[in-house]
J.: 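One structure coming up, written as structure tokens, with questions to follow.
Note that these values count all heavy atoms, side chains included, but never hydrogens, waters or copies made by symmetry. So that the names make sense, note that chain A is the first sequence line, chain B the second, and so on, each numbered from 1.
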There are 2 protein chains.
Amino acid sequence: MRARRATIADVARAAGVSPSTASVVFSGRTPVSDATRQRVLAAAAELGYTGPDPRAASLRRGRSGIVGVVFDSPLSSAFLDPVTTQVMDGLTEGVAELGAGVLLLRDNSKDPDLADAQPTLMTAPIDAAVLIGCSTVMRESLDVMRARNIPVVVIEGDAGEGVPQIRLDNREAQRQAASHLASLGHRRVAIVTLPSGLDSPGRWMEHAEESRISVDVTRDRLSGARDVYPDAPAFAAAASSIDEGFAAGRAIFAARPHPTAVIAQSDLLAAGVIRAAEEAGLRVPDDVSVTGFDGVIVDGLAPYALTTLIQPSTEKGRAAGDAVAAMLEGRDAASLLFTCVFREGNTTAPVAREA
Amino acid sequence: MRARRATIADVARAAGVSPSTASVVFSGRTPVSDATRQRVLAAAAELGYTGPDPRAASLRRGRSGIVGVVFDSPLSSAFLDPVTTQVMDGLTEGVAELGAGVLLLRDNSKDPDLADAQPTLMTAPIDAAVLIGCSTVMRESLDVMRARNIPVVVIEGDAGEGVPQIRLDNREAQRQAASHLASLGHRRVAIVTLPSGLDSPGRWMEHAEESRISVDVTRDRLSGARDVYPDAPAFAAAASSIDEGFAAGRAIFAARPHPTAVIAQSDLLAAGVIRAAEEAGLRVPDDVSVTGFDGVIVDGLAPYALTTLIQPSTEKGRAAGDAVAAMLEGRDAASLLFTCVFREGNTTAPVAREA
DNA sequence: TTGTACGCGTTATCAG
DNA sequence: CTGATAACGCGTACAA
């Protein structure tokens, strides 16, 4: 057994051709006569050569075929959210056309302990980066990206000027749902928001706090609801999950008289709210209407079909992939604003006449 | 603006030191006097040099700091499963200590169309690979891995000899749950299995088919149940989800007399079965006992606490990371067999006396 | 269609 | 603590 693995040069020598010819046989970027191809392949098989070393190829080409995806939350919790999952789906698909794969990266710019151990935007051999939900951090890393000419795209976040954003018109969409409820006659409405970024536990929010919400999505959706219901009480959930929606719902239906409608900022929250309503002996939508947001399939929610806003999450991921591809080809990518489609399910109904 | 980006050589020249010294300043692998360090850093700042190019470093070092994770299902569906999510969590943590990150790879060895576009085990610059749930495919890729001396580890799958496996004692665990039901007096029991790999739709399985189940996990858990209940009817779900469990439950509770207990091969399935039981007017656990498998938190299942087998999924991921680390350091990694912990929740109870 | 020549940007090694 | 040297393995003009 030879100490050193065979290189393409060895193969070329064995096949009696030049290294460049052998290279071309493997990359297929130039026509090669069938005879030589066979010789090269045979020599490769003989030597146990299995193709160009990706590391060397990536240095030479200046491309690694890897796109970094940066999360601002622990990966474990990120993948709990179906929307993130779908975004990843679209993204992987989008970058696949580019011949690239996706490298999971965690934003630990605020956690210096881990910063060394883990690969980062700065140390990973990536051709481009996609930031998911970055709100404020990582300015430093972003400067480095710029200095290195590494394209960056942000999904639902703001990374400063020059960084294309893929976002949703959250405010307008949420306003639609609110208007829908208003047109059904609902006046006593409660809102369940996504985490606000202010603090962790689920709780009622003061009106004055709302301007300090640091999570863009939460703030924008709330604004949309406020356009219609300026005074509705808002409960900030600790996370986007059925269980947190359930907790919020319990708090909400403890009030007397109970609200006749609840605007939830995500489908998972809405599902939890519905459970809480059932627990409180309220029928949905007869006694209380509930709207969601996202349009994801909530496992186990059947037979309800949420009235919700269907957001094109997979398309957002794809768009990010496309944007990255464009920038990699030297074109520049514009920011994109997606819109939601309102879907009326069976969880909203006209407000019951006050008996 | 200069056409070519500054390299470490430029920095060294500007700082009046040798390239190797400059390199050492950035890698920190050798002590450097404070004075020189400052000079080098200053020169770097001056030239807009932001650190070594990861691609070149990876060629030289022979390490890219990337571990590939190969899924045998679409990424979108893979991340729907909480167990996979947790495994990923442990894995990312495990490889982080190695200073590595995780590259998502899809096994498209049976789908030649995509095989070119997407990066694969063969073309991605990875230091090691972790296969999740690989059952039979990818032999070819595996040979290449071996030829390249790239460590491979498999989680809940079999990649042939020489490839360390991280698995669960599925059979023994499931037998425990079955024995628990037996000790509670249950005789009429139904089983809901994970997908069998035979075909997609959820349906009752013929006894004869069971030997042909191609998914290891499904087969092993079924064997465990069969050790106690050799003749219980088995319904193969189309996927591990609450909705599929619900469908299975409906089929199961349509029978008269209905089973007094259901063994589900996953918690999600169990949650769906419970829903179906409720729908059929059966109380859990009074009228029917249900056991799950995995010990994950099922969002929205409260107030039930499943009787289930808690599997150390995060630890499995971590173990895979550790195994990879070991192999990368030249030590060899042994296969690992994890065990589950039986947890009695409030979804199982003694069988009701036949009235 | 094939071969020649060179550099991609770094870092290990070892001597000073 | 610093510097000289020599790869790492490949792709691609360009010429033949």
J.: Would you say a side-chain N or O of B:R61 is under 4.0 Å from OP1 or OP2 of D:dC8?
T.: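 Checking D:dC8 against B:R61, no side-chain N or O comes under 4.0 Å of OP1 or OP2.
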J.: Taking CZ from A:R13 and C1' from C:dG3, how many angstroms apart are they, rounded to a whole number?
T.: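 It works out to 15 Å between those atoms.
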J.: Have a look at B:F26 and say if it touches a base, only the backbone sugar-phosphate, or nothing, with a 4.0 Å heavy-atom cut-off.
T.: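 Counting heavy atoms under 4.0 Å across all strands, no contact is made by B:F26.
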J.: Return the set of residues passing side chain to side chain contact (heavy atoms under 4.5 Å, CB included) with B:L336 (not counting sequence neighbours), or none when no residue passes.
T.: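 Per chain and number, B:L336 pairs via side chain to side chain contact (heavy atoms under 4.5 Å, CB included) with B:I166, B:A319, B:F338.
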J.: Between C:dG7 atom C1' and B:D53 atom CG, what is the distance in whole Å?
T.: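 Distance, rounded to whole Å: 14 Å.
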J.: Which pairs of donor and acceptor atoms, one on a side chain in residues 37-48 of chain A, lie under 3.5 Å apart (sequence neighbours left out)?
T.:
unit_1	atom_1	unit_2	atom_2	d
A:R37	NH1	A:D34	OD1	3.1
A:R39	NE	A:A15	O	3.0

J.: Treating primed atoms plus P, OP1 and OP2 as sugar-phosphate and everything else as base, which nucleotides of nucleotides 1-6 of chain D get B, S or - for protein heavy atoms under 4.0 Å?
T.: SBBB-B
J.: Can you confirm whether A:V95 sits close enough to A:V130 that some side-chain heavy atom of one is under 4.5 Å from a side-chain heavy atom of the other?
T.: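 Result no, sub-4.5 Å side-chain heavy-atom pair not found.
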J.: Should the pair B:R106-A:E93 be classified as a salt bridge under the 4.0 Å nitrogen-to-oxygen rule?
T.: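 Salt bridge flag = no for A:E93 with B:R106.
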J.: What does B:R55 touch in the nucleic acid at a heavy-atom separation under 4.0 angstrom: a base, only the sugar-phosphate, or nothing?
T.: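 Answer is nothing: B:R55 stays at 4.0 Å or more from every strand.
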J.: Decide yes or no for B:D127 and B:S64: does some side-chain heavy atom of the first lie under 4.5 Å from some side-chain heavy atom of the second?
T.: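 In short, these two side chains touch, coming nearer than 4.5 Å.
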J.: So A:I8 and A:F26, do their side chains get closer than 4.5 Å, heavy atoms only?
T.: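 Touching, per the 4.5 Å side-chain cut-off.
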J.: At 4.0 Å (heavy atoms only), tell me whether A:L59 reaches a base, stays on the sugar-phosphate, or touches nothing.
T.: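 Contact class for A:L59: base.
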J.: Take the protein atom CZ of A:R148 and the nucleotide atom P of C:dG9, then report the distance between them rounded to whole Å.
T.: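 These atoms are roughly 12 Å apart.
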J.: What is the distance, to the nearest angstrom, from the CD1 atom on A:I8 to the C1' atom on D:dC8?
T.: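 Taking CD1 of A:I8 and C1' of D:dC8, I get 15 Å after rounding.
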